[in-house]
Colleague: 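Dropping the structure in here first, questions after.
Heavy-atom basis, side chains included; hydrogens, waters and symmetry copies ignored. All figures in this text were calculated on a predicted structure; none of them were measured in a lab.
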Amino acid sequence: MSAAALLRGPGSLLLRASSGCWCRRFWAASGKTAPAASPGSGARSPFDRQLKRKQKNWAALQPEPAKYDYLREEVGGRVADRVFDITRTFPLALDVGCGSGYIAQYLNKETVEKLFQVDMAENALKNTMETEIPTVSVVADEEFLPFKEDTFDLVVSSLSLHWVNDLPRAFRELAELEREGGFSPHVSPFTDVTDLGHLLGRAGFNTLTVDTDEIQVNYPGMFEIMEDLKGMGESNCSWNRKPILHRETMLAAAAIYQEMYGSNDGSVPATFEIYYMIGWKFQESQARPAQRGSATVSFGDLAKINALISRKK
């Protein structure tokens, strides 16, 4: 199901935020050739979606799940701010990969009248936060949404798309997209921000906006970073991950990371890069760019503006 097809009516909006996480260069993806896919995983399916569902369900059942919600809450608020920037009301909205409702808690009935919250982890939906908007919870995979075309006026998604196997398919049923480069078994494949606008455009969206943001969090050490990522349900689910990482390797990596990037107070930084993508579904009433050659003023005349202003004074 295409993201564009889910949207209905004039001026329907898609707004998504996804993330890449790295701890300085320690987590950077390698430039080596991609390893062969595991049996049954498919060449274009680097992630084990069933494992990701188990990880998210496990995280939602922890005694203090809110302890690890700081990043999702921050980004959820920033996505909601972008919705508020649009001065209109959306009768029916969809939150894909909603988790505990990190976007919904910031929205109000003046902006969204009814919200469908979708997540692949049923335990996350059991812990959804209160909101003044009427909501409907649906357990479904982001890659296979069970909705008819032209259902929603607004689709939002926050910190969910980076575990989707095929981004073009998540936006639309597209021709095959070759993945260049590769990824380490301990790092997710990275999406180039310059490609995101192209994907939205090919999926049928226009008036595109793609921007990035970085959130840096300081931790006592590398092991605390890993503990929090696990608590967020963000553990690695690549098919080519190694099931065991030896203690000596972990200790050496922690020491190198501390030596290279440690702060004076002993803490180490982790940087989360957030990609915000906004696109509108095409509608006949939308303004179109002027035809090439129809301009009546030359850019060369702009240099004369200061002289004209001075002459009038």
Side-chain angles (χ1 to χ4, degrees), residues 3 6-9 11-21 56 59-60 65-121 124-138 140 142 145 147 151-164 170-171 193 196-197 200 205 207-217 232-234 272-281:
L6 287 173
L7 295 166
R8 68 181 183 191
S12 300
L13 175 67
L14 169 89
L15 196 158
R16 298 171 180 263
S18 193
S19 73
C21 169
K56 294 182 69 174
K67 176 182 177 183
Y68 306 102
D69 284 347
Y70 51 88
L71 181 65
R72 297 186 185 279
E73 295 226 6
E74 176 65 26
V75 177
R78 297 187 186 194
V79 173
D81 285 342
R82 285 164 165 77
V83 176
F84 286 133
D85 286 340
I86 302 158
T87 56
R88 61 160 290 183
T89 299
F90 298 96
L92 189 61
L94 171 68
D95 184 355
V96 179
C98 65
S100 297
Y102 303 104
I103 301 176
Q105 63 176 328
Y106 296 104
L107 300 176
N108 56 45
K109 290 186 290 187
E110 286 71 32
T111 305
V112 174
E113 294 179 351
K114 188 174 183 179
L115 177 68
F116 274 67
Q117 294 180 296
V118 174
D119 201 280
M120 66 191 303
L125 291 173
K126 294 176 183 177
N127 297 331
T128 52
M129 293 172 272
E130 292 186 5
T131 175
E132 63 179 68
I133 305 171
T135 61
V136 177
S137 296
V138 178
E142 295 97 325
L145 295 175
F147 303 108
T151 300
F152 300 99
D153 305 285
L154 167 70
V155 176
V156 297
S157 182
S158 179
L159 301 186
S160 176
L161 291 184
H162 53 290
W163 293 120
V164 169
F171 291 129
V193 66
L196 297 177
L200 286 173
F205 294 98
T207 318
L208 306 176
T209 301
V210 180
D211 63 288
T212 65
D213 198 2
E214 288 188 1
I215 300 175
Q216 182 172 299
V217 181
M232 295 176 191
E234 293 295 318
F272 299 87
E273 184 172 38
I274 314 299
Y275 300 156
Y276 297 96
M277 298 160 276
I278 302 175
W280 293 88
K281 184 176 180 180

Colleague: Which atom pair, heavy atoms only, marks the closest approach of Ser158 to Gly76?
Modeller: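 Here Ser158 and Gly76 meet closest at OG-N, 4.1 Å.
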Colleague: What residues, two or more places apart in sequence or in another chain, satisfy side-chain contact (heavy atoms from CB on, under 4.5 Å) together with Leu208?
Modeller: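 For Leu208 the side-chain contact (heavy atoms from CB on, under 4.5 Å) partners, ignoring immediate neighbours, are Leu200, Phe205.
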Colleague: List the atom of Asp119, the atom of Cys98, and the distance in Å for their closest heavy-atom pair.
Modeller: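 So the two residues come closest at OD2-N, 3.4 Å.
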Colleague: Name all residues meeting the side-chain contact (heavy atoms from CB on, under 4.5 Å) criterion together with Ala93; count only those two or more places apart in sequence or in a different chain, and write none if there are none.
Modeller: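 If we apply the side-chain contact (heavy atoms from CB on, under 4.5 Å) test to Ala93, skipping adjacent residues, the hits are Val112, Leu115, Leu154.
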Colleague: The criterion is ring-ring contact (aromatic ring centres under 6.0 Å, His included); which residues satisfy it with Tyr106, sequence neighbours excluded?
Modeller: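 Residues passing ring-ring contact (aromatic ring centres under 6.0 Å, His included) with Tyr106: none at all.
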Colleague: Taking C-beta and beyond as the side chain, do Tyr276 and Ile278 meet within less than 4.5 Å on heavy atoms?
Modeller: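 No, too far: nothing below the 4.5 Å cut-off.
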Colleague: Checking Asp95 now: which residues fulfil side chain to side chain donor-acceptor pair (under 3.5 Å) with it, not counting sequence neighbours?
Modeller: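 Side chain to side chain donor-acceptor pair (under 3.5 Å) check on Asp95 returns nothing, list empty.
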Colleague: Look up atom CD in Glu273 and atom CD in Gln216, then write down how far apart they are to the nearest 0.5 Å.
Modeller: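 With rounding to 0.5 Å, CD (Glu273) is 12.5 Å from CD (Gln216).
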Colleague: Looking only at heavy atoms, what is the nearest atom pair of Gly97 and Ser160, with distance?
Modeller: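 The pair with the smallest heavy-atom distance is CA-OG, 3.7 Å.
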Colleague: Are Met129 and Tyr102 close enough, and set up right, to give a side-chain contact (heavy atoms from CB on, under 4.5 Å), and what steps lead you there?
Modeller: CA-CA 8 Å; Met129 293 172 272; Tyr102 303 104; 3.7 Å; yes
Colleague: Could you report the tightest heavy-atom contact between Ala59 and Gly233, atom names first, then the distance?
Modeller: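 Minimum heavy-atom contact is CB-N, 3.7 Å.
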Colleague: Can you sort out the partners of Arg72 under salt bridge (Lys or Arg N to Asp or Glu O under 4.0 Å), two or more places apart, ordered by chain and number?
Modeller: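 Salt bridge (Lys or Arg N to Asp or Glu O under 4.0 Å) list for Arg72, sorted by chain: Glu234.
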Colleague: For Ala66, enumerate each residue passing the side-chain contact (heavy atoms from CB on, under 4.5 Å) test, keeping only those at least two apart in sequence or located in another chain.
Modeller: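 Applying side-chain contact (heavy atoms from CB on, under 4.5 Å) to Ala66 gives Asp69.
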Colleague: With sequence neighbours excluded, what pairs up with Glu74 under the side chain to side chain donor-acceptor pair (under 3.5 Å) test?
Modeller: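 For Glu74 the side chain to side chain donor-acceptor pair (under 3.5 Å) partners, ignoring immediate neighbours, are Arg78.
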Colleague: For Tyr68, which residues count as a side-chain contact (heavy atoms from CB on, under 4.5 Å) partner, sequence neighbours excluded?
Modeller: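 Tyr68 satisfies side-chain contact (heavy atoms from CB on, under 4.5 Å) with Glu227, Asp228, Met232 once adjacent residues are dropped.
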Colleague: Measure the CG-CZ distance between Leu159 and Phe272 for me, rounded to the nearest 0.5 Å.
Modeller: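 Here the interatomic distance stands at 9.5 Å.
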Colleague: For residues Gln117 and Leu125, report the shortest heavy-atom separation together with the two atoms involved.
Modeller: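 Shortest heavy-atom contact: O-CD2, 3.9 Å.
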Colleague: Residues in side chain to side chain donor-acceptor pair (under 3.5 Å) with Asn127, at least two apart?
Modeller: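 So Asn127 forms no side chain to side chain donor-acceptor pair (under 3.5 Å) with any residue.
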Colleague: Less than 3.5 Å apart, which donor and acceptor atoms pair up between the side chains of residues 130-137 and the rest of the protein, not counting sequence neighbours?
Modeller:
{"residue": "Thr131", "atom": "OG1", "partner": "Ala104", "partner atom": "O", "Å": "3.1"}
{"residue": "Thr131", "atom": "OG1", "partner": "Ile133", "partner atom": "N", "Å": "3.3"}
{"residue": "Glu132", "atom": "OE2", "partner": "Lys109", "partner atom": "N", "Å": "3.0"}

Colleague: So, does Thr89 use its side chain to make a donor-acceptor pair with the main chain of Glu110 at under 3.5 Å?
Modeller: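 Checked: pair present.
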Colleague: By side chain to side chain donor-acceptor pair (under 3.5 Å), which residues pair with Thr111, not counting sequence neighbours?
Modeller: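 Expected list: Asn108.
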Colleague: Does Leu92 offer a backbone N or O that forms a donor-acceptor pair with the side chain of Asp153 under 3.5 Å?
Modeller: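 Judged by distance alone, yes, a pair lies under 3.5 Å.
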Colleague: Taking the side chain as every heavy atom from C-beta outward, state whether Thr212 and Ile274 have any atom pair closer than 4.5 Å.
Modeller: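 The answer is no; the side chains never approach within 4.5 Å.
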Colleague: Do Val156 and Leu94 touch side chain to side chain, with heavy atoms closer than 4.5 Å?
Modeller: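 No, every pair of side-chain atoms sits at 4.5 Å or beyond.
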Colleague: Can you find a pair of side-chain heavy atoms, one from Phe116 and one from Phe147, that are under 4.5 Å apart?
Modeller: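 In contact.
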